[in-house]
Structures are given as C-alpha cells and as structure tokens.
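Inspection log for the structure reproduced underneath, given as structure tokens.
What's counted below: heavy atoms across the whole structure, side chains too, no hydrogens, waters or symmetry copies. Numbers here are sequence positions counted from 1.
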Amino acid sequence: QVQLVESGGGLVQAGGSLRLSCAASGRTFTMAWFRQAPGKEREFVSASTWSGGTTFYSDSVKGRFTISKDNAKSTLYLQMNNLKSEDTAVYYCAGSSGGVRVRSANEYNYWGQGTQVTVSS
C-alpha cells in the first residue's frame, strides 16, 4: 500500500504561480496529477513515469505546468505558472502500479487526499 500526501495548494491571483508537492511512501510505476472542479468530473492534468523520463500533459495546461520528480525524496511536483481562474479545483496526486492509459483515472489505485487551488481573477 502506497500513501500519497499532497501539499502546496492555496489562493493565488490570475497570472501567478504555485507549486504542488506529493510525498509518496513507496514506489509506483506512474504518478500523476488530476483535478476536480465543483460540479465537474475529475480530469487528467499531468503524469510522469517513476524515472521521470516520460511526461504527459493535458492540452489545457501544456506550456504552463511542469511535472517533475525527486526520486531521492519520493516526491512528485507540479509547478503551475500563469494560473487562470479555470485552474481552480481540488488537485489530487495519484499513483499507478501498472497500466498504460496514463490519462485515465481508472488506471490509478493510489490517491492522495487532495489540495485546494483557488485562482482569483
């Protein structure tokens, strides 16, 4: 069983930046960030293989968000720049012990508790 603990959320003005962190208690094949806004389904944001050699982004965040990993600390990061009001959501860290559909929440069997990101316009 892998435990994931997110941190780093908060309130920021549009155009600002935040960095989310996800500390993992163990190793997973793939790690990802998803988000869920009120009244909407959980959506894929970004993913990384455990080595960090391959990364994936949704079209809505590509060029603004950067996913990275510090394997020595077993920590996943999401650097979010040029934030927009539509980025407001609860952000979840997820880990998968296998699977190839990295953009599908169904592939992930470990989830953090979520951290709120609010972007004011």
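- Residue pairs meeting the salt bridge (charged side-chain N to carboxylate O under 4.0 Å, His left out) criterion with at least one partner in residues 72-92, sequence neighbours excluded, are Arg35-Asp87, Arg64-Asp87.
- A donor-acceptor distance shorter than 3.5 angstrom exists from the side chain of Ser96 to the backbone of Glu107, with no hydrogens or angles considered.
- Every residue was checked against the salt bridge (Lys or Arg N to Asp or Glu O under 4.0 Å) condition with Arg27, not counting sequence neighbours, and none meets it.
- The backbone N or O of Ser48 sits nowhere less than 3.5 Å from a side-chain atom of Thr30 that would complete a donor-acceptor pair.
- Every residue meeting the side chain to side chain donor-acceptor pair (under 3.5 Å) condition with Ser58, not counting sequence neighbours, appears here in chain and number order: Ser60.
- Every residue meeting the side-chain contact (heavy atoms from CB on, under 4.5 Å) condition with Ser120, not counting sequence neighbours, appears here in chain and number order: Leu11, Gln13.
- In the hydrophobic clustering, Val117 connects to Val2, Leu4, Val12, Leu18, Leu20, Met31, Trp33, Val45, Trp50, Tyr57, Val61, Phe65, Ile67, Leu76, Leu78, Met80, Leu83, Tyr91, Tyr110, Val119, either directly or through intervening members, whenever side-chain heavy atoms lie under 4.5 Å apart.
- Listed by chain and number, the residues in a side chain to side chain donor-acceptor pair (under 3.5 Å) with Ser104 amount to none (sequence neighbours excluded).
- Scanning both residues, Tyr108 and Ala32, for their nearest heavy atoms gives OH-CB, 3.4 Å.
- A ring-centre distance under 6.0 Å is not found for Phe44 and Phe56.
- For the salt bridge (charged side-chain N to carboxylate O under 4.0 Å, His left out) condition, no pair includes a residue of residues 74-83, sequence neighbours left out.
- Each of Trp111 and Tyr77 belongs to its own hydrophobic cluster when Ile, Leu, Val, Met, Phe, Trp and Tyr are linked at side-chain heavy-atom distances under 4.5 angstrom.
- For Ala23, the side-chain contact (heavy atoms from CB on, under 4.5 Å) criterion is met by Thr75, not counting sequence neighbours.
- The main-chain N or O of Gln113 is found under 3.5 Å from a side-chain atom of Glu6 such that the two form a donor-acceptor pair.
- The side chain to side chain donor-acceptor pair (under 3.5 Å) search around Gln3 returns none, not counting sequence neighbours.
- For Lys62, the salt bridge (Lys or Arg N to Asp or Glu O under 4.0 Å) partners at least two apart in sequence or on another chain are Asp59.
- The list of disulfide bond (SG atoms under 2.5 Å apart) pairs with a residue in residues 7-47, not counting sequence neighbours, reads Cys22-Cys93.
- Not a single side chain to side chain donor-acceptor pair (under 3.5 Å) links Asp70 to another residue, sequence neighbours left out.
- Of all the heavy atoms in Ser121 and Ser85, the pair that sits closest is CB-CB, 4.4 Å.
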